Amino acid sequence: MKQKKTKKILTSATGAPISEDNTSLTIGKTGKRGEITALGDVNLIEKLAHFTRERIPERVVHAKGAGAYGEFVLTKDMSEYTSADLFNTKGKKTPLFIRFSTVGGERGSADAARDPRGFAIKFYTKTGNYDLVGNNTPIFFIRDAAKFPDFVHTQKRDPQTGMPDADMFWDFLSLTPESIHQVSFLFSDRGTPKNYRHMDGFSSHAYMWYNKHKDYVWVKYHFISDQGNETMTDQEATIMKGKDPDHATRDLFEAIKNRKYPSWKFCVQIMNKQQALNYKFDPFDVTKVWFHKDFPLIEIGKITLNRNPENYFAEVEQVAFAPTNLVSGIAFSPDKLLQGRLFAYRDAQRYRLGVNNTEIPINRPRVPIHNYQRDGLHTINNNSTAKVNYFPNSVPGEPYPIPEVAMPVLNIDGTLAKRIQPLEDIDFYQTGEFWRRVLTSAEKEHLINNIAGHLGNAKQNIQYRQTALFYKADKEYGSNLAKVLKLDVNKVSKLAFMKQSDRVKATS
(Lines give C-alpha, C1' and ligand atoms only; values in the text may rest on other atoms or scores of the structure.)
Protein backbone atom coordinates (compact mmCIF):
# COMPACT_ATOMS: atom_id res chain seq x y z
CA MET A 1 0.00 0.00 0.00
CA LYS A 2 1.39 3.40 -1.00
CA GLN A 3 2.09 5.54 2.06
CA LYS A 4 0.30 8.88 2.05
CA LYS A 5 2.63 11.86 2.27
CA THR A 6 2.13 14.06 5.30
CA LYS A 7 1.22 17.60 4.29
CA LYS A 8 3.61 20.18 5.74
CA ILE A 9 1.94 22.96 7.70
CA LEU A 10 3.38 26.48 7.41
CA THR A 11 4.42 27.74 10.85
CA SER A 12 5.98 30.72 12.54
CA ALA A 13 9.57 30.56 13.80
CA THR A 14 8.19 29.39 17.13
CA GLY A 15 6.16 26.59 15.55
CA ALA A 16 2.66 28.11 15.58
CA PRO A 17 0.55 27.23 12.48
CA ILE A 18 -0.11 30.15 10.11
CA SER A 19 -3.60 30.59 8.62
CA GLU A 20 -2.73 32.92 5.70
CA ASP A 21 0.62 34.11 4.35
CA ASN A 22 -0.25 36.25 1.31
CA THR A 23 -2.28 38.99 2.98
CA SER A 24 -1.84 41.22 6.00
CA LEU A 25 -4.23 41.56 8.95
CA THR A 26 -6.14 44.77 8.24
CA ILE A 27 -8.96 46.87 9.64
CA GLY A 28 -11.64 47.97 7.16
CA LYS A 29 -14.29 46.56 4.87
CA THR A 30 -13.69 43.97 2.16
CA GLY A 31 -13.49 45.56 -1.27
CA LYS A 32 -13.44 49.09 0.16
CA ARG A 33 -10.45 51.44 0.00
CA GLY A 34 -8.54 52.70 3.02
CA GLU A 35 -7.77 49.51 4.93
CA ILE A 36 -5.30 49.95 7.82
CA THR A 37 -2.74 47.23 8.56
CA ALA A 38 -2.79 46.06 12.16
CA LEU A 39 0.43 45.92 14.19
CA GLY A 40 -1.06 42.82 15.75
CA ASP A 41 -0.31 40.79 12.59
CA VAL A 42 2.52 38.88 14.27
CA ASN A 43 3.27 36.83 11.14
CA LEU A 44 3.73 40.00 9.04
CA ILE A 45 5.96 41.58 11.68
CA GLU A 46 8.09 38.42 11.97
CA LYS A 47 8.49 38.18 8.18
CA LEU A 48 9.47 41.85 7.80
CA ALA A 49 11.76 41.87 10.83
CA HIS A 50 13.59 38.78 9.64
CA PHE A 51 13.79 40.08 6.06
CA THR A 52 15.50 43.32 7.10
CA ARG A 53 18.10 41.27 8.97
CA GLU A 54 18.79 38.64 6.30
CA ARG A 55 22.18 40.04 5.39
CA ILE A 56 25.15 39.67 7.67
CA PRO A 57 28.16 41.98 7.25
CA GLU A 58 29.92 41.26 3.98
CA ARG A 59 33.49 40.01 4.15
CA VAL A 60 35.83 42.97 3.71
CA VAL A 61 37.83 40.82 1.30
CA HIS A 62 36.82 37.54 -0.38
CA ALA A 63 33.15 38.62 -0.35
CA LYS A 64 32.15 36.75 -3.53
CA GLY A 65 32.73 33.03 -3.39
CA ALA A 66 31.65 29.47 -4.08
CA GLY A 67 32.24 26.30 -2.11
CA ALA A 68 31.84 22.54 -1.90
CA TYR A 69 32.47 19.52 0.32
CA GLY A 70 34.99 16.80 -0.38
CA GLU A 71 37.79 14.75 1.10
CA PHE A 72 41.55 14.63 1.36
CA VAL A 73 43.18 11.23 0.90
CA LEU A 74 46.75 10.88 2.19
CA THR A 75 48.95 8.89 -0.21
CA LYS A 76 52.29 9.39 1.56
CA ASP A 77 52.72 9.07 5.32
CA MET A 78 54.34 12.23 6.71
CA SER A 79 54.62 11.26 10.39
CA GLU A 80 58.40 11.66 10.11
CA TYR A 81 57.75 15.41 9.90
CA THR A 82 54.44 16.06 11.67
CA SER A 83 52.22 14.48 14.30
CA ALA A 84 49.13 16.08 12.72
CA ASP A 85 46.49 13.37 12.40
CA LEU A 86 45.48 14.09 8.80
CA PHE A 87 49.08 13.61 7.60
CA ASN A 88 49.61 10.26 9.37
CA THR A 89 48.82 6.77 8.01
CA LYS A 90 48.77 6.29 4.25
CA GLY A 91 45.24 6.01 2.89
CA LYS A 92 43.64 8.12 5.64
CA LYS A 93 40.61 10.14 4.50
CA THR A 94 39.77 13.53 6.01
CA PRO A 95 36.50 15.35 5.15
CA LEU A 96 36.82 18.99 4.13
CA PHE A 97 35.08 22.06 2.77
CA ILE A 98 36.70 24.45 0.27
CA ARG A 99 35.62 28.01 -0.46
CA PHE A 100 36.96 29.70 -3.59
CA SER A 101 36.58 33.45 -3.98
CA THR A 102 37.64 36.64 -5.66
CA VAL A 103 39.38 39.05 -3.28
CA GLY A 104 38.60 42.71 -3.93
CA GLY A 105 35.06 42.70 -5.31
CA GLU A 106 31.76 42.92 -3.51
CA ARG A 107 29.19 40.10 -3.20
CA GLY A 108 27.66 41.00 -6.55
CA SER A 109 30.91 41.39 -8.48
CA ALA A 110 31.90 39.26 -11.47
CA ASP A 111 33.77 35.97 -11.10
CA ALA A 112 35.96 36.89 -14.08
CA ALA A 113 37.44 40.03 -12.49
CA ARG A 114 41.22 40.50 -12.63
CA ASP A 115 41.97 39.60 -9.06
CA PRO A 116 43.71 36.96 -6.95
CA ARG A 117 41.45 34.04 -5.99
CA GLY A 118 41.00 32.72 -2.48
CA PHE A 119 41.60 28.99 -1.98
CA ALA A 120 40.52 28.26 1.61
CA ILE A 121 40.26 24.72 3.00
CA LYS A 122 38.67 23.57 6.25
CA PHE A 123 39.80 20.05 7.19
CA TYR A 124 37.53 18.31 9.72
CA THR A 125 40.28 16.24 11.39
CA LYS A 126 40.07 13.81 14.30
CA THR A 127 41.88 16.35 16.48
CA GLY A 128 39.85 19.44 15.51
CA ASN A 129 39.43 21.73 12.54
CA TYR A 130 42.49 22.73 10.53
CA ASP A 131 42.16 25.73 8.20
CA LEU A 132 44.49 26.48 5.31
CA VAL A 133 43.61 29.97 4.12
CA GLY A 134 45.48 30.44 0.85
CA ASN A 135 45.22 31.92 -2.65
CA ASN A 136 45.75 30.84 -6.24
CA THR A 137 49.15 32.59 -6.23
CA PRO A 138 52.21 31.47 -4.24
CA ILE A 139 53.08 35.05 -3.22
CA PHE A 140 51.41 38.25 -2.02
CA PHE A 141 51.68 42.03 -2.50
CA ILE A 142 53.02 42.96 0.94
CA ARG A 143 55.07 41.33 3.70
CA ASP A 144 53.99 43.25 6.79
CA ALA A 145 50.47 43.17 8.24
CA ALA A 146 50.68 46.87 9.12
CA LYS A 147 50.25 47.60 5.40
CA PHE A 148 47.23 45.36 4.88
CA PRO A 149 44.34 47.77 5.62
CA ASP A 150 45.95 50.44 3.42
CA PHE A 151 46.57 47.96 0.62
CA VAL A 152 42.96 46.77 0.66
CA HIS A 153 41.67 50.35 0.68
CA THR A 154 43.56 51.02 -2.57
CA GLN A 155 41.99 47.96 -4.20
CA LYS A 156 38.47 49.05 -3.24
CA ARG A 157 36.60 52.27 -4.06
CA ASP A 158 37.62 55.90 -3.78
CA PRO A 159 36.08 57.39 -0.60
CA GLN A 160 34.75 60.43 -2.49
CA THR A 161 33.59 59.06 -5.84
CA GLY A 162 32.68 55.53 -4.75
CA MET A 163 34.47 54.22 -7.85
CA PRO A 164 37.72 52.26 -8.44
CA ASP A 165 40.63 54.68 -8.90
CA ALA A 166 43.82 53.91 -10.85
CA ASP A 167 45.79 56.63 -9.05
CA MET A 168 45.23 55.19 -5.58
CA PHE A 169 45.79 51.65 -6.91
CA TRP A 170 49.17 52.36 -8.53
CA ASP A 171 50.32 55.08 -6.14
CA PHE A 172 50.36 52.61 -3.27
CA LEU A 173 51.95 49.80 -5.30
CA SER A 174 54.67 52.06 -6.73
CA LEU A 175 55.47 53.14 -3.16
CA THR A 176 55.56 49.48 -2.09
CA PRO A 177 58.16 47.94 -4.43
CA GLU A 178 58.03 44.45 -2.90
CA SER A 179 54.58 44.16 -4.52
CA ILE A 180 56.10 43.94 -8.02
CA HIS A 181 56.21 40.11 -8.08
CA GLN A 182 52.53 39.68 -7.25
CA VAL A 183 51.54 42.60 -9.50
CA SER A 184 53.20 40.80 -12.41
CA PHE A 185 51.24 37.64 -11.60
CA LEU A 186 48.02 39.63 -11.29
CA PHE A 187 48.31 41.36 -14.67
CA SER A 188 49.42 38.24 -16.49
CA ASP A 189 46.72 35.85 -17.68
CA ARG A 190 47.08 34.16 -14.27
CA GLY A 191 45.04 37.07 -12.92
CA THR A 192 41.98 35.80 -14.81
CA PRO A 193 41.66 32.03 -14.22
CA LYS A 194 39.25 30.13 -16.48
CA ASN A 195 37.23 29.09 -13.41
CA TYR A 196 37.79 27.68 -9.92
CA ARG A 197 38.33 24.11 -11.12
CA HIS A 198 41.10 25.06 -13.54
CA MET A 199 43.40 26.86 -11.11
CA ASP A 200 46.07 25.82 -8.62
CA GLY A 201 46.13 26.78 -4.95
CA PHE A 202 48.90 27.73 -2.53
CA SER A 203 49.33 28.32 1.18
CA SER A 204 51.62 31.24 0.19
CA HIS A 205 52.91 31.41 3.79
CA ALA A 206 55.30 28.88 5.30
CA TYR A 207 54.11 26.87 8.31
CA MET A 208 55.85 24.75 10.90
CA TRP A 209 55.43 20.99 10.94
CA TYR A 210 56.61 19.26 14.11
CA ASN A 211 56.63 15.59 15.08
CA LYS A 212 56.14 13.79 18.39
CA HIS A 213 59.83 14.33 19.22
CA LYS A 214 59.43 18.12 18.76
CA ASP A 215 61.70 18.10 15.72
CA TYR A 216 60.40 20.59 13.20
CA VAL A 217 60.62 21.68 9.56
CA TRP A 218 59.06 24.49 7.54
CA VAL A 219 56.53 23.68 4.79
CA LYS A 220 54.64 25.38 1.98
CA TYR A 221 51.51 23.83 0.47
CA HIS A 222 50.69 23.53 -3.25
CA PHE A 223 47.43 22.24 -4.75
CA ILE A 224 47.87 21.33 -8.41
CA SER A 225 44.66 21.11 -10.44
CA ASP A 226 44.08 17.75 -12.13
CA GLN A 227 41.86 19.63 -14.60
CA GLY A 228 44.84 21.71 -15.71
CA ASN A 229 45.74 25.31 -14.90
CA GLU A 230 43.84 27.31 -17.52
CA THR A 231 43.33 31.06 -17.84
CA MET A 232 41.45 33.64 -19.90
CA THR A 233 42.84 36.60 -21.79
CA ASP A 234 41.76 40.06 -20.69
CA GLN A 235 39.36 40.25 -23.63
CA GLU A 236 37.84 36.85 -22.84
CA ALA A 237 37.42 37.81 -19.17
CA THR A 238 35.76 41.11 -20.11
CA ILE A 239 33.25 39.30 -22.35
CA MET A 240 32.59 36.71 -19.62
CA LYS A 241 31.86 39.43 -17.02
CA GLY A 242 29.00 40.65 -19.18
CA LYS A 243 27.87 37.26 -20.42
CA ASP A 244 27.78 35.44 -17.07
CA PRO A 245 29.10 37.25 -13.97
CA ASP A 246 28.67 34.03 -11.96
CA HIS A 247 30.40 31.74 -14.45
CA ALA A 248 32.93 30.19 -12.01
CA THR A 249 30.31 29.67 -9.30
CA ARG A 250 28.01 28.03 -11.85
CA ASP A 251 30.80 25.90 -13.32
CA LEU A 252 31.80 24.45 -9.95
CA PHE A 253 28.24 23.67 -8.89
CA GLU A 254 27.25 22.07 -12.18
CA ALA A 255 30.44 20.01 -12.46
CA ILE A 256 29.80 18.44 -9.05
CA LYS A 257 26.08 18.06 -9.78
CA ASN A 258 27.00 16.14 -12.95
CA ARG A 259 29.53 14.02 -11.02
CA LYS A 260 32.54 15.53 -12.77
CA TYR A 261 34.29 15.83 -9.44
CA PRO A 262 37.23 18.27 -9.53
CA SER A 263 40.47 17.21 -7.85
CA TRP A 264 43.88 18.57 -6.95
CA LYS A 265 47.23 16.96 -6.16
CA PHE A 266 48.27 17.90 -2.63
CA CYS A 267 52.00 18.73 -2.57
CA VAL A 268 54.41 20.27 -0.10
CA GLN A 269 57.85 21.85 -0.13
CA ILE A 270 59.92 21.07 2.97
CA MET A 271 62.79 23.18 4.34
CA ASN A 272 64.75 22.19 7.46
CA LYS A 273 65.95 24.54 10.19
CA GLN A 274 69.48 24.91 8.88
CA GLN A 275 68.34 25.54 5.33
CA ALA A 276 66.03 28.29 6.59
CA LEU A 277 68.93 29.99 8.37
CA ASN A 278 71.20 29.89 5.32
CA TYR A 279 68.80 30.39 2.39
CA LYS A 280 69.59 33.10 -0.18
CA PHE A 281 66.68 35.25 1.06
CA ASP A 282 64.27 35.34 3.98
CA PRO A 283 62.21 32.13 3.52
CA PHE A 284 59.34 33.68 5.50
CA ASP A 285 58.97 36.66 3.15
CA VAL A 286 55.61 35.99 1.45
CA THR A 287 56.53 38.16 -1.57
CA LYS A 288 58.93 35.41 -2.67
CA VAL A 289 58.68 31.74 -3.64
CA TRP A 290 60.98 28.91 -2.61
CA PHE A 291 62.66 27.77 -5.82
CA HIS A 292 61.50 24.30 -6.83
CA LYS A 293 65.02 23.29 -7.81
CA ASP A 294 66.06 23.91 -4.19
CA PHE A 295 62.93 22.45 -2.59
CA PRO A 296 61.10 20.11 -5.01
CA LEU A 297 57.38 19.47 -4.71
CA ILE A 298 56.54 16.30 -2.78
CA GLU A 299 53.14 14.84 -3.63
CA ILE A 300 51.46 13.55 -0.46
CA GLY A 301 47.78 13.16 -1.37
CA LYS A 302 44.73 14.19 -3.34
CA ILE A 303 41.80 16.51 -2.71
CA THR A 304 38.47 15.76 -4.39
CA LEU A 305 35.28 17.83 -4.21
CA ASN A 306 32.18 15.63 -4.49
CA ARG A 307 29.20 17.31 -2.80
CA ASN A 308 27.50 20.65 -3.29
CA PRO A 309 26.14 22.71 -0.39
CA GLU A 310 22.43 22.42 0.38
CA ASN A 311 22.12 26.11 1.23
CA TYR A 312 24.46 28.85 0.04
CA PHE A 313 23.99 31.19 3.01
CA ALA A 314 24.21 28.54 5.72
CA GLU A 315 27.34 26.97 4.30
CA VAL A 316 29.27 29.08 1.77
CA GLU A 317 28.47 32.46 3.31
CA GLN A 318 28.75 31.42 6.96
CA VAL A 319 31.84 29.24 6.71
CA ALA A 320 34.52 30.95 8.82
CA PHE A 321 38.20 30.39 8.03
CA ALA A 322 41.16 31.52 10.11
CA PRO A 323 44.87 30.61 10.03
CA THR A 324 44.69 30.30 13.84
CA ASN A 325 42.61 27.13 13.40
CA LEU A 326 45.59 24.80 13.75
CA VAL A 327 45.94 21.26 15.06
CA SER A 328 48.71 19.62 17.05
CA GLY A 329 51.68 18.95 14.76
CA ILE A 330 51.27 22.25 12.86
CA ALA A 331 52.19 25.77 13.96
CA PHE A 332 52.72 29.21 12.44
CA SER A 333 56.00 30.63 11.14
CA PRO A 334 57.79 33.96 11.76
CA ASP A 335 56.12 35.51 8.72
CA LYS A 336 55.11 39.09 9.59
CA LEU A 337 52.05 39.09 7.34
CA LEU A 338 50.89 35.73 8.70
CA GLN A 339 51.35 36.98 12.27
CA GLY A 340 48.86 39.77 11.61
CA ARG A 341 46.43 37.39 9.93
CA LEU A 342 46.45 35.25 13.07
CA PHE A 343 44.55 38.05 14.80
CA ALA A 344 42.60 39.61 11.94
CA TYR A 345 40.83 36.57 10.50
CA ARG A 346 39.34 35.24 13.73
CA ASP A 347 38.40 38.76 14.73
CA ALA A 348 36.66 39.33 11.39
CA GLN A 349 34.55 36.21 11.97
CA ARG A 350 33.63 37.34 15.48
CA TYR A 351 32.38 40.59 13.94
CA ARG A 352 30.51 38.94 11.05
CA LEU A 353 29.07 35.87 12.76
CA GLY A 354 29.45 36.40 16.50
CA VAL A 355 31.84 35.08 19.10
CA ASN A 356 30.22 31.63 18.93
CA ASN A 357 30.65 31.22 15.16
CA THR A 358 32.27 27.80 15.68
CA GLU A 359 28.85 26.49 16.77
CA ILE A 360 27.39 27.10 13.29
CA PRO A 361 27.13 23.63 11.68
CA ILE A 362 29.52 24.37 8.76
CA ASN A 363 32.18 25.50 11.26
CA ARG A 364 31.52 22.94 13.97
CA PRO A 365 34.39 20.46 14.51
CA ARG A 366 33.60 16.77 14.10
CA VAL A 367 35.04 16.06 17.56
CA PRO A 368 33.72 16.85 21.07
CA ILE A 369 34.53 20.37 22.32
CA HIS A 370 35.50 20.88 25.97
CA ASN A 371 36.41 24.32 27.26
CA TYR A 372 35.43 26.94 29.83
CA GLN A 373 33.98 29.52 27.45
CA ARG A 374 30.35 30.39 28.12
CA ASP A 375 27.56 32.71 27.01
CA GLY A 376 27.87 35.35 24.31
CA LEU A 377 25.78 36.20 21.27
CA HIS A 378 24.31 33.25 19.35
CA THR A 379 25.10 30.52 21.85
CA ILE A 380 23.23 27.71 20.14
CA ASN A 381 24.48 24.70 22.09
CA ASN A 382 23.57 23.84 25.68
CA ASN A 383 26.16 26.33 26.98
CA SER A 384 27.90 23.42 28.75
CA THR A 385 24.89 23.10 31.10
CA ALA A 386 25.78 23.29 34.81
CA LYS A 387 29.48 22.55 34.45
CA VAL A 388 32.06 24.89 35.96
CA ASN A 389 33.31 27.79 33.84
CA TYR A 390 36.78 28.34 35.31
CA PHE A 391 40.20 26.70 35.35
CA PRO A 392 42.00 25.49 37.39
CA ASN A 393 39.32 23.69 39.34
CA SER A 394 39.11 20.61 41.55
CA VAL A 395 35.93 19.18 40.04
CA PRO A 396 36.43 15.55 38.87
CA GLY A 397 36.13 14.88 35.15
CA GLU A 398 36.50 18.47 33.93
CA PRO A 399 38.82 19.23 30.95
CA TYR A 400 42.49 19.98 31.49
CA PRO A 401 45.42 20.88 29.20
CA ILE A 402 47.92 18.29 27.93
CA PRO A 403 51.44 19.76 27.60
CA GLU A 404 52.61 17.12 25.11
CA VAL A 405 50.71 18.80 22.23
CA ALA A 406 52.63 22.07 22.61
CA MET A 407 54.66 23.33 19.65
CA PRO A 408 58.48 23.16 19.87
CA VAL A 409 60.34 25.87 21.73
CA LEU A 410 61.72 28.54 19.40
CA ASN A 411 64.75 30.47 20.60
CA ILE A 412 64.33 34.19 19.94
CA ASP A 413 67.16 36.58 20.73
CA GLY A 414 66.82 40.21 19.73
CA THR A 415 65.47 43.66 20.45
CA LEU A 416 61.89 44.89 20.27
CA ALA A 417 61.51 47.55 17.56
CA LYS A 418 59.57 48.53 14.45
CA ARG A 419 61.98 47.59 11.66
CA ILE A 420 61.51 48.70 8.09
CA GLN A 421 62.81 45.94 5.85
CA PRO A 422 65.21 47.55 3.36
CA LEU A 423 64.55 47.21 -0.35
CA GLU A 424 67.11 44.90 -1.95
CA ASP A 425 67.93 43.63 -5.44
CA ILE A 426 66.59 40.21 -4.42
CA ASP A 427 63.12 41.84 -4.21
CA PHE A 428 63.23 42.25 -8.00
CA TYR A 429 65.09 39.10 -8.98
CA GLN A 430 62.15 36.67 -8.92
CA THR A 431 60.00 39.06 -10.96
CA GLY A 432 62.75 39.18 -13.58
CA GLU A 433 62.90 35.38 -13.61
CA PHE A 434 59.12 35.26 -14.01
CA TRP A 435 59.44 37.50 -17.10
CA ARG A 436 62.49 35.78 -18.60
CA ARG A 437 61.86 32.11 -17.85
CA VAL A 438 58.16 31.55 -17.12
CA LEU A 439 56.17 33.62 -19.62
CA THR A 440 55.87 32.83 -23.32
CA SER A 441 56.12 35.63 -25.91
CA ALA A 442 52.33 35.77 -26.16
CA GLU A 443 51.96 35.87 -22.36
CA LYS A 444 54.50 38.70 -22.17
CA GLU A 445 52.49 40.68 -24.70
CA HIS A 446 49.29 40.09 -22.71
CA LEU A 447 50.99 41.16 -19.48
CA ILE A 448 52.26 44.43 -21.00
CA ASN A 449 48.89 45.26 -22.54
CA ASN A 450 46.99 44.38 -19.35
CA ILE A 451 49.22 46.60 -17.19
CA ALA A 452 49.17 49.44 -19.71
CA GLY A 453 45.38 49.30 -19.93
CA HIS A 454 45.11 49.86 -16.17
CA LEU A 455 48.24 51.88 -15.30
CA GLY A 456 47.53 54.16 -18.25
CA ASN A 457 44.58 55.59 -16.28
CA ALA A 458 46.89 56.81 -13.49
CA LYS A 459 48.77 60.13 -13.38
CA GLN A 460 51.91 60.17 -15.51
CA ASN A 461 54.27 60.63 -12.54
CA ILE A 462 52.86 57.40 -11.04
CA GLN A 463 53.25 55.68 -14.41
CA TYR A 464 56.95 56.58 -14.46
CA ARG A 465 57.52 55.44 -10.87
CA GLN A 466 55.83 52.06 -11.40
CA THR A 467 57.35 51.42 -14.82
CA ALA A 468 60.81 52.06 -13.37
CA LEU A 469 60.21 49.20 -10.94
CA PHE A 470 59.36 46.85 -13.80
CA TYR A 471 62.51 48.06 -15.61
CA LYS A 472 64.56 47.33 -12.50
CA ALA A 473 63.22 43.74 -12.54
CA ASP A 474 64.03 43.33 -16.24
CA LYS A 475 65.13 45.90 -18.81
CA GLU A 476 62.97 44.43 -21.58
CA TYR A 477 59.93 44.27 -19.28
CA GLY A 478 60.19 47.94 -18.32
CA SER A 479 61.12 49.17 -21.79
CA ASN A 480 58.24 47.38 -23.50
CA LEU A 481 55.77 48.81 -21.00
CA ALA A 482 57.23 52.32 -21.32
CA LYS A 483 56.81 52.21 -25.11
CA VAL A 484 53.16 51.17 -24.88
CA LEU A 485 52.51 53.93 -22.33
CA LYS A 486 54.46 56.39 -24.51
CA LEU A 487 56.90 57.17 -21.69
CA ASP A 488 60.51 58.28 -22.15
CA VAL A 489 62.50 55.02 -21.84
CA ASN A 490 65.70 56.92 -20.90
CA LYS A 491 63.89 58.62 -18.03
CA VAL A 492 62.45 55.26 -16.92
CA SER A 493 65.97 53.77 -17.00
CA LYS A 494 67.40 56.60 -14.85
CA LEU A 495 64.57 56.22 -12.33
CA ALA A 496 65.13 52.46 -12.17
CA PHE A 497 68.68 52.84 -10.93
CA MET A 498 67.84 55.36 -8.21
CA LYS A 499 67.25 54.48 -4.58
CA GLN A 500 63.55 54.14 -3.85
CA SER A 501 63.51 57.33 -1.76
CA ASP A 502 65.11 59.31 -4.61
CA ARG A 503 62.76 57.70 -7.13
CA VAL A 504 59.77 58.79 -5.06
CA LYS A 505 61.12 62.36 -4.84
CA ALA A 506 61.75 62.48 -8.57
CA THR A 507 58.19 61.37 -9.35
CA SER A 508 56.25 63.28 -6.68
Side-chain angles (χ1 to χ4, degrees), residues 116 137-144 147 150-151 154 166-188 190-191 279-283 285-291 337 419-441 443-508:
T137 61
I139 49 177
F140 199 63
F141 298 90
I142 54 174
R143 55 193 174 204
D144 193 309
K147 291 185 176 182
D150 303 289
F151 164 68
T154 70
D167 283 339
M168 56 194 276
F169 184 98
W170 290 104
D171 187 34
F172 177 87
L173 294 174
S174 65
L175 295 170
T176 312
E178 68 265 26
S179 66
I180 191 171
H181 197 184
Q182 174 75 317
V183 168
S184 298
F185 264 71
L186 176 63
F187 281 89
S188 73
R190 288 161 174 76
Y279 201 42
K280 59 193 76 175
F281 55 81
D282 179 3
D285 180 349
V286 75
T287 66
K288 299 178 178 64
V289 299
W290 296 355
F291 290 118
L337 182 63
R419 298 179 182 85
I420 297 175
Q421 189 167 337
L423 188 66
E424 300 175 290
D425 288 342
I426 191 68
D427 292 315
F428 298 89
Y429 175 74
Q430 290 194 355
T431 307
E433 289 291 282
F434 177 66
W435 172 268
R436 291 185 290 270
R437 298 178 184 275
V438 177
L439 300 178
T440 64
S441 296
E443 288 172 332
K444 288 179 180 179
E445 184 179 351
H446 292 170
L447 173 58
I448 293 296
N449 290 334
N450 293 342
I451 294 175
H454 197 285
L455 180 56
N457 296 313
K459 293 186 178 77
Q460 192 177 74
N461 64 310
I462 297 175
Q463 292 180 32
Y464 269 107
R465 188 191 306 150
Q466 182 65 49
T467 304
L469 298 178
F470 292 124
Y471 189 101
K472 188 171 176 63
D474 184 272
K475 180 179 177 180
E476 181 187 55
Y477 189 3
S479 297
N480 288 1
L481 179 59
K483 290 171 185 174
V484 175
L485 290 170
K486 295 181 170 51
L487 302 178
D488 183 339
V489 178
N490 289 328
K491 182 177 178 180
V492 169
S493 175
K494 289 178 183 177
L495 288 167
F497 290 99
M498 291 180 181
K499 292 191 301 184
Q500 174 68 359
S501 57
D502 294 335
R503 188 161 43 242
V504 171
K505 274 185 189 175
T507 55
S508 292

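Not measured: the values here are computed from a predicted model.
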- [ ] Would you mind reporting whether Gln430 and Phe281 have side-chain heavy atoms less than 4.5 Å apart?
- [x] yes

Task: Any Phe172 side-chain heavy atom under 4.5 Å of Met168 side chain - done: no

Task: Inter-residue atom distance Lys147.NZ - Leu175.CG, 0.5 Å rounding - done: 9.0 Å

TODO: Any chance you could measure Leu455, atom CG, to Thr467, atom OG1, to the nearest 0.5 Å?
DONE: 5.0 Å

TODO: List for me each residue that meets ring-ring contact (aromatic ring centres under 6.0 Å, His included) alongside Tyr464, sequence neighbours excluded, and say none if there are none.
DONE: none

Open item on the list: On a heavy-atom basis, which atom in Gln463 and which in Ala458 lie closest, and how many Å separate them?
Closed with: NE2-O, 2.8 Å

Open item on the list: Would you say that more than 12 heavy atoms from the other residues, nucleotides or ligands in this model lie under 6.0 Å from the CZ of Arg437, or not?
Closed with: no

Open item on the list: Could you check whether Tyr477 and Ser184, counting side-chain N and O atoms only, form a donor-acceptor pair closer than 3.5 Å?
Closed with: yes

- [ ] Locate the shortest heavy-atom distance separating Gln466 from Leu173; write the atom from each residue and the value.
- [x] OE1-C, 3.5 Å

- [ ] Assign the ring pair Phe169 / His454 to parallel, tilted or perpendicular, where the plane angle (0 to 90°) is split at 30° and 60°.
- [x] tilted

Open item on the list: Under a 3.5 Å cutoff, is there a donor and acceptor pairing between the side chains of Glu443 and Ser188?
Closed with: no

Task: Closest non-hydrogen atom pair, Ala496 against Ala468 - done: CB-O, 3.4 Å

Task: CD1-CD distance between Ile426 and Glu178, expressed to the nearest 0.5 angstrom - done: 14.0 Å

Task: Where Ala506 and Leu495 come nearest, the two heavy atoms and their spacing - done: CB-CD2, 3.8 Å

What pairs of donor and acceptor atoms, side-chain ones from residues 480-492 against any protein atom, are under 3.5 angstrom apart with sequence neighbours left out?
unit_1: Asp488; atom_1: OD1; unit_2: Asn490; atom_2: N; d: 2.9
unit_1: Asp488; atom_1: OD1; unit_2: Lys491; atom_2: N; d: 3.4

Task: Residue among Gln500, Arg143, Gln421 satisfying side-chain hydrogen bond (donor to acceptor under 3.5 Å, both in side chains) with Asp427 - done: Arg143

Open item on the list: Taking the side chain as everything from C-beta on, heavy atoms only, tell me whether Phe140 gets closer than 4.5 Å to Phe151.
Closed with: yes

- [ ] Give the C-alpha distance, both sets of side-chain angles, the deciding distance and a yes or no for side chain to side chain contact (heavy atoms under 4.5 Å, CB included) between Ile139 and Val289.
- [x] CA-CA 7 Å; Ile139 49 177; Val289 299; 3.6 Å; yes

Task: Expected output: side-chain Arg465 to main-chain Ser174 donor-acceptor under 3.5 Å - done: no

Task: Gap separating the CG atom of Asn449 from the CZ atom of Phe187, nearest 0.5 angstrom - done: 12.5 Å

Task: Phe141 side chain reached by Leu186 side chain, heavy atoms, under 4.5 Å - done: yes

Task: Heavy-atom side-chain proximity of Asp167 to Ile462 below 4.5 angstrom - done: yes

Open item on the list: Can you confirm whether Arg190 sits close enough to Phe434 that some side-chain heavy atom of one is under 4.5 Å from a side-chain heavy atom of the other?
Closed with: yes

Task: Test item: Lys472 and Pro177 side chains (from C-beta on) under 4.5 Å apart, heavy atoms - done: no

Open item on the list: To the nearest 0.5 Å, what is the distance between OG1 on Thr287 and CD1 on Ile142?
Closed with: 10.5 Å

Task: Thr507 backbone acceptor or donor facing Asn461 side chain under 3.5 Å - done: yes

Task: Trp435 side-chain N/O to Lys444 backbone N/O, donor-acceptor pair under 3.5 Å - done: no

TODO: Report yes if the side chains of Trp170 and Asn457 come closer than 4.5 Å at any heavy-atom pair, otherwise no.
DONE: no

- [ ] Report the distance from atom CG of Leu447 to atom CD of Glu445, rounding to the nearest 0.5 Å.
- [x] 11.0 Å

TODO: Applying side-chain contact (heavy atoms from CB on, under 4.5 Å), name anything that partners Lys475, two or more places apart in sequence or on another chain.
DONE: Tyr471, Ser479

